[in-house]
Amino acid sequence: MTKTTITPLHLLKSWPQFVATVQNAPLNPNSLRLIEAAGLTVDLSTQRCSSKWQHAICNLLTERNFDAQRQALFAGGICNPTENRPAWHTMLREPQPIAEVAEERKRVLEFVRRTDSDRQWHNIVHIGIGGSDWGVRLATQAFGYAGTWRNIRYVANIDGHAIEAGLAGLDPRETLIVIATKSFTTAETMENAQRALEWLKAAKISNPMNHFIAVTANPDAAHAWGIPPYHIFKFWDWVGGRFSLWSAVGVAAGLTVGSSVLAGLQSGAYAMDQHFLTAPIENNAPIQLAMSGLANRSALGYGSLNLAVYDSRLANLIPYLQQLEMESLGKSVDIEGNPIIVPTSPVVWGMPGTDAQHTFFQWLHQGTEGAPVDFIVCAKEDHRWANHHRQLLAHCLAQREALLNGKTEEEAYDENIKAGLDSKEAKALAKHRKQPGGRPSTLIVLPQLTPFALGALLALYEHKVFVQGIVWGLNPFDQWGVELGKVLAKGIDKELSGAPINSKHNESTKYWINKLKM
Ligand code: F6P
């Protein structure tokens, strides 16, 4: 582990100043706070802000040596000290990347070009999980929502129903299986890949390995599994799983929605990278978004962040960002291992709007705690029903305003009287109809859902997470917390198959192993 030194956040001189600034700042939507970044507009007018805000942020970032850390991120410095490696996903979207990235990018594009020109493979089954899955799902749903000439299925879960559904009804002769896994050891992916191999063999496919491609940072393991080298695309240990869409992991998206989508995503992300590197702090979208999020979580105590994505093509953006935010920031020690005594990563949750309005918005409007909301919407639609899009926009803006303004008991009372209730009934009902308001939000507007705009949006959140990691003083690029459960599952799997039960399990786990063992 690389040695680093860091002052705990609560001991920084600028921290109490930041907290006081946030707690005294009003929600002042009449003072417009719009940032243009890589074609996106980020509207922070409905977040807390005051004349002291920019100064408080600058002090905090200076004390955290932010400029040097941002430079290190882009220069491939060791930004992931617990794994002693860079987190160099920005290199993957450079127009002129280092030679090994350029070479692999070329191989992917050539593979897609050749496969397309041969009209080969009607079906793609993408097997991968977490960061080796969500980005591909997101891109293919976003740009293939109206259908594509190739079918794509995704298989992630170890649940056998997932692989069963993934393969059901497909013609094995026409099916390419993509195994996407950084480690080439992930239990879910390896089991599912094995089932796919058995399926091809059962169909008497003469050379089943020709039906596989692997995308991995462990090409030797892929080769040992039987995949021919010309069907192995590699990426590097310095690409975190949740940042891997920019690598060859996107190949299934290239095969489904076209390699121009991959190129567009990369150039949008690159444009956001440049914005993040060069825009002044007060006009820097990732920094401002990060600091508002940090204010909501650590200074105002909100426990979660809601993503209200007003575009059904972006439904997969929600799990994608859940992994990005929570796997990166769900930590309680800083990079030196000291406890962080302010709350870090909020729970990130959401659903596309307007579905979300009919599911949990009641809680957002009148629940005891509420949550800040990121509203995400496209200015222009890609369908022919302007009427639908106008209403979608109206709902998005209306929900944001309702969360902010709320409704007083007096307003509710007057409405009740106008609706014909007598004074007693009007008064009683007003207590149920009032809404507290004062709930912060951000509105992010994409001009249209293009690959460029989506790439920029993803990079916006990546850099937001990076900035928050710096201020909290934690390492956003490792995920040690997921390991314990994986190890325990291996032991329990053996016990469920008849191995002696470890006496260290609690009584309930023992009971269920005995009850469920096969
Ligand atoms: O859940 C932990 C994790 O390591 C994620 O970070 C990663 O995206 C996922 O598992 C899949 O890992 P791999 O790409 O190595 O199969």
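Computed from a predicted model, the values in this text were never measured in an experiment. Computation of the quantities below employed the complete heavy-atom set of this structure, encompassing side-chain atoms and omitting hydrogens, waters and symmetry-equivalent molecules. In each ligand, atom 1 is the first atom listed, and ligand 1 is the first ligand listed.
Taking the six-membered ring where tryptophan is involved, the planes of F466 and F66 are tilted, since the angle between them lies from 30° to 60°. Between F212 and W225, the ring planes lie perpendicular to each other; the angle is over 60°, past the 30° to 60° tilted range.
Here E495 does not pair with K490 in a salt bridge; the nearest charged N to carboxylate O distance is not below 4.0 Å. Ion pairing of E325 with K464 is present here, as a side-chain N (NZ or NE/NH1/NH2) and a carboxylate O approach within less than 4.0 Å.
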Please walk me through it: do D478 and R85 pass salt bridge (Lys or Arg N to Asp or Glu O under 4.0 Å)?
-> CA-CA 10 Å; D478 63 12; R85 43 169 93 133; over 6 Å; no

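For ligand 1, the protein residues placed under 4.0 Å by at least one non-hydrogen atom are I129, G130, G131, S132, T181, K182, S183, T186, G241, Q323, E327, Q479, V482, K486.
W349 meets the ring-ring contact (aromatic ring centres under 6.0 Å, His included) test with F360, W363; sequence neighbours excluded.
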